Amino acid sequence: MTKRNKIENPAVAAVFDRYPQALRGKLLLLRRLILDVAAQTPGVGELEETLKWGQPAYLTTKSKSGSLVRIDQIKSQRGKYAMYFHCQTTLVDSFRAMYRDEFEFDGNRSIVFDVDDELPETELSCCIALALTYQLRKKPVH
């Protein structure tokens with residue numbers, strides 16, 4: 001098991017353990033994608049995996065390169081889960097402009113998925129990279 005597969009934070013691991021099996025697999029896939037994109041994206045570095053609002057959350061604590069990314073099931077919608085982004089950023093608006101036909105969006109805060117659908121990993125990887133480098137793009141160029 002690689003370091004990226006093992007959940008080091010026991011509180012985060014406990015949250016994943018509580019998900020229904022089908023959703024757990026999909027959420028673990030989102031987690032793997034977030035960690036893989038972070039590792040492959042210049043300037044991002046190691047992520048902090050923690051809980052925010054009881055949801056698995058990924059922060060660029062060391063590099064400060066990006067914006068918080070969270071994942072969770074949508075408790076009010078059976079078989080649905082989401083990747084959440086800070087609602088005061090322009091991230092979801094940008095994702096909607098690029099991938100209007102590929103994703104379902106919930107306002108300016110999340111991309112919503114159905115457990116029965118295949119995850120569009122290439123497009124989602126682009127969205128994750130944009131989130132994890134959001135602060136880098138906001139900095140003024142000298």
Side-chain angles (χ1 to χ4, degrees), residues 1-75 77 79-142:
M1 182 177 284
T2 67
K3 184 178 186 339
R4 282 202 293 258
N5 289 334
K6 182 167 175 34
I7 300 173
E8 302 288 336
N9 184 321
V12 174
V15 168
F16 276 101
D17 288 344
R18 287 193 294 267
Y19 289 125
Q21 185 173 352
L23 275 171
R24 182 182 315 125
K26 293 291 188 163
L27 288 161
L28 286 170
L29 178 59
L30 288 183
R31 176 187 181 271
R32 179 194 52 79
L33 204 56
I34 292 166
L35 296 175
D36 287 352
V37 168
Q40 297 164 8
T41 304
V44 174
E46 185 179 337
L47 295 183
E48 176 185 357
E49 183 173 34
T50 189
L51 294 177
K52 295 287 182 187
W53 304 281
Q55 300 169 321
Y58 303 87
L59 296 88
T60 57
T61 307
K62 290 183 181 177
S63 69
K64 308 243 187 277
S65 65
S67 181
L68 171 74
V69 177
R70 295 177 291 124
I71 59 176
D72 199 6
Q73 68 180 339
I74 302 175
K75 292 174 182 71
Q77 298 179 40
K80 296 278 190 173
Y81 62 106
M83 183 173 287
Y84 298 91
F85 304 91
H86 194 294
C87 63
Q88 293 179 333
T89 66
T90 58
L91 287 166
V92 174
D93 287 338
S94 297
F95 304 157
R96 187 179 284 109
M98 295 184 317
Y99 300 118
R100 180 174 307 282
D101 298 328
E102 286 84 359
F103 294 121
E104 175 185 343
F105 299 95
D106 181 16
N108 63 348
R109 60 186 300 241
S110 67
I111 300 174
V112 177
F113 308 99
D114 189 285
V115 72
D116 294 327
D117 293 340
E118 188 173 329
L119 200 63
E121 290 189 37
T122 301
E123 295 85 350
L124 188 55
S125 293
C126 179
C127 296
I128 294 167
L130 288 171
L132 296 179
T133 58
Y134 184 77
Q135 296 300 330
L136 295 178
R137 289 188 311 284
K138 284 181 56 182
K139 292 180 181 174
V141 178
H142 296 290

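Everything numeric here is computed off the predicted structure, so don't read it as measured data.
- The closest donor-acceptor contact from the side chain of Arg96 to the backbone of Gly107 lies under 3.5 Å.
- In this structure, a donor-acceptor pair under 3.5 Å is present between the side chains of Tyr19 and Asp72.
- In this structure, Lys26 contributes its side chain and Asp117 its backbone to a donor-acceptor pair below 3.5 Å.
- When every heavy atom of Ala82 is checked against every heavy atom of Ile74, the shortest pair comes out as CB-CD1, 4.0 Å.
- The aromatic ring centres of Tyr134 and Phe85 sit 6.0 Å or more apart.
- Tested against Leu30, the residues Ile71, Val69, Leu35 include a single side-chain contact (heavy atoms from CB on, under 4.5 Å) partner, Ile71.
- No donor-acceptor distance shorter than 3.5 angstrom exists from the side chain of Thr60 to the backbone of Val44, with no hydrogens or angles considered.
- Here the closest heavy-atom approach between residue Cys127 and residue Ile111 is recorded as SG-CD1, 4.2 Å.
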Determine, step by step, whether Ile128 and Tyr58 satisfy the side chain to side chain contact (heavy atoms under 4.5 Å, CB included) criterion, reporting the C-alpha distance in whole Å, the side-chain angles of both residues, the deciding distance to 0.1 Å, and the verdict.
CA-CA 11 Å; Ile128 294 167; Tyr58 303 87; over 6 Å; no
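- Here the shortest heavy-atom pairing between Phe113 and Met83 reads CE1-N, 3.9 Å.
- Note: Asn108 CG to Thr90 OG1 = 10.0 Å, rounded to the nearest 0.5 Å.
- Annotation: side chain of Glu49 is not in contact with side chain of Ile34 (no heavy-atom distance under 4.5 Å).
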Under the criterion side chain to side chain contact (heavy atoms under 4.5 Å, CB included), I'd like the reasoning laid out for Phe95 against Phe105: C-alpha separation, chi angles, the key distance, then a yes or no.
CA-CA 9 Å; Phe95 304 157; Phe105 299 95; 3.7 Å; yes
Tell me, with the steps shown, if Gln135 and Lys64 meet side chain to side chain contact (heavy atoms under 4.5 Å, CB included).
CA-CA 7 Å; Gln135 296 300 330; Lys64 308 243 187 277; 5.9 Å; no
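- Residues Leu28 and Phe16 come closest through the heavy atom pair CD2-CD2, 3.6 Å.
- For the pair Cys126/Met98, a side-chain contact is recorded, criterion being any heavy-atom separation below 4.5 Å from C-beta on.
- Looking only at distances, no side-chain donor or acceptor of Arg24 sits under 3.5 Å from a matching main-chain atom of Arg18.
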Worked check of side chain to side chain contact (heavy atoms under 4.5 Å, CB included) between Leu124 and Val37
CA-CA 10 Å; Leu124 188 55; Val37 168; over 6 Å; no
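- Atom CG of Asp17 sits about 7.5 Å away from atom CD1 of Ile7, to the nearest 0.5 Å.
- In this structure, Ser65 and Leu132 approach most closely via the heavy-atom pair OG-O, 2.6 Å.
- Scanning both residues, Pro42 and Gln40, for their nearest heavy atoms gives CD-O, 3.5 Å.
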